[in-house]
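What follows is a short report on a single structure.
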Protein chains: 2
Amino acid sequence: MTIEACGHEDCGIRDVLDRLGDRWSVLVIVTLAQKPRRFGELQRAVTGISQRMLTVTTRRLVRDGLVRRTVYDTVPPQVEYRLTEMGQSLAVAIQSLAAWSRTHKDAIADSRAAFDTAGTREALPFPG
Amino acid sequence: MTIEACGHEDCGIRDVLDRLGDRWSVLVIVTLAQKPRRFGELQRAVTGISQRMLTVTTRRLVRDGLVRRTVYDTVPPQVEYRLTEMGQSLAVAIQSLAAWSRTHKDAIADSRAAFDTAGTREALPFPG
DNA sequence: CGGTATCCTCAGAGATACTG
DNA sequence: CAGTATCTCTGAGGATACCG
């Protein structure tokens, strides 16, 4: 079940999230938002991503029209990835979400700490 | 590897996405953004979610301080979920992303169609 | 350099049955 | 009604090795 079973008018949300939900797409997007990059460059910038996942992720983004892939027929081969205009507009939306995150980061951490230790015992289902 | 290996200054992004990345959190949030709901109500509203996943998802949201869970000691038992203020502010950010999605939905679909059929054959790695 | 191909693992999530 | 307890399975993603 992906989008079909959403049952929401707001369901357009799923379209974004199926894209943003995976581990790497957003990281690649914000990295490319800084400047266009070559494959290896991109892999170094997005720390921890495997070669395979970078290939998979970039291809998805290209397919969705968020990134443009340009091959320069040089030796050695050179491939440049850059955000399309649409990709850039998404990057903006993402940045605002990142801003939200930074703003509420601490509050979330505090909430979790509180949840995991004290008050929970009375307020929530699992006293164990 | 979750947040640690991000290597990004923008890494606050990961904090949001680990939350938004899963299949149901966002759907629950936007549903609760409409109005507070009881458990069963919520399950009917978020079509397709299993009882277990609703429990898991709501608990995560409560833990993060995005949702407040209120138990009314009635017969039969009654539990109300509602967004906290922080949850509401996140809902706003999400809505803007949803708006982006609706705006670019068609463009994405077109891009995919183009990618999956024609031009790709010359422009991209896998001619098969 | 920028990929592809293969194998493998393990968390996320569904189905089902039971409980205070 | 609002959960909890298992059991299972799928597929996203990691590791590794090879290719044009």
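Residue numbers begin at 1 in each chain, while the letters A, B, ... track the order of the sequences.
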Could you check which of [options] has an atom nearest any side-chain atom of [X]?
| X | options | result |
| --- | --- | --- |
| Phe39(A) | dG2(C), dG3(D), dC1(D) | dG2(C) |
| Gln78(A) | dG2(C), dG3(C), dA13(C) | dG2(C) |
| Met53(A) | dT4(C), dG13(D), dC1(C) | dG13(D) |
| Trp24(B) | dG20(D), dG3(C), dA13(C) | dA13(C) |

Would you kindly give the [atom1]-to-[atom2] distance between [X] and [N], to the nearest whole Å?
| X | N | atom1 | atom2 | result |
| --- | --- | --- | --- | --- |
| Ile49(A) | dG2(C) | CD1 | C1' | 14 Å |
| Arg52(A) | dG11(D) | CZ | P | 14 Å |
| Arg23(A) | dT9(C) | CZ | P | 20 Å |
| Tyr81(B) | dG3(D) | OH | P | 3 Å |
| Arg69(B) | dA2(D) | CZ | C1' | 8 Å |
| Asp22(B) | dG14(C) | CG | C1' | 15 Å |
| Leu54(A) | dA15(D) | CG | P | 14 Å |
| Gln51(A) | dA15(D) | CD | P | 12 Å |

Legend entry - Inter- and intrachain pairs under ring pair (Phe, Tyr, Trp, His ring centres under 6.0 Å), touching residues 53-108 of chain A, at least two apart: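 Matches after skipping sequence neighbours: Trp100(A)-His104(A).
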Inset, instruction - Assess whether atom CD of Glu85(B) is packed by more than 12 heavy atoms of other residues, nucleotides or ligands within 6.0 Å. - result: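 Not buried by this count: 12 neighbours or fewer within 6.0 Å.
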Legend entry - Residue Arg63(A) excluded, over 12 heavy atoms near CZ under 6.0 Å: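 Buried by this count: over 12 neighbours within 6.0 Å.
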Quick one: is [N] close enough that its OP1 or OP2 comes under 4.0 Å of any side-chain N or O from [X]?
| X | N | answer |
| --- | --- | --- |
| Arg38(B) | dG3(D) | no |
| Tyr72(B) | dA2(D) | no |
| Arg59(A) | dT4(C) | yes |
| Arg60(A) | dG13(D) | yes |

Inset, instruction - Mark yes or no for whether Glu41(B), through its side chain, and Arg38(B), through its backbone, hold a donor-acceptor pair below 3.5 Å. - result: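 Yes, Glu41(B) side chain to Arg38(B) backbone: donor-acceptor pair under 3.5 Å.
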Inset, instruction - Indicate yes or no for a side-chain donor-acceptor contact from Thr57(B) to the backbone of Trp24(B) under 3.5 Å, with no hydrogens or angles considered. - result: no
Inset, instruction - Would you mind telling me which residue lines up with the more 5' stretch of DNA chain D, Val79(B) or Ser50(A), judged by nearest nucleotide? - result: Val79(B)
Inset, instruction - Scan Gln43(A) against the nucleic acid and name what it touches under 4.0 Å (heavy atoms): base, sugar-phosphate only, or nothing. - result: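 Touches nothing.
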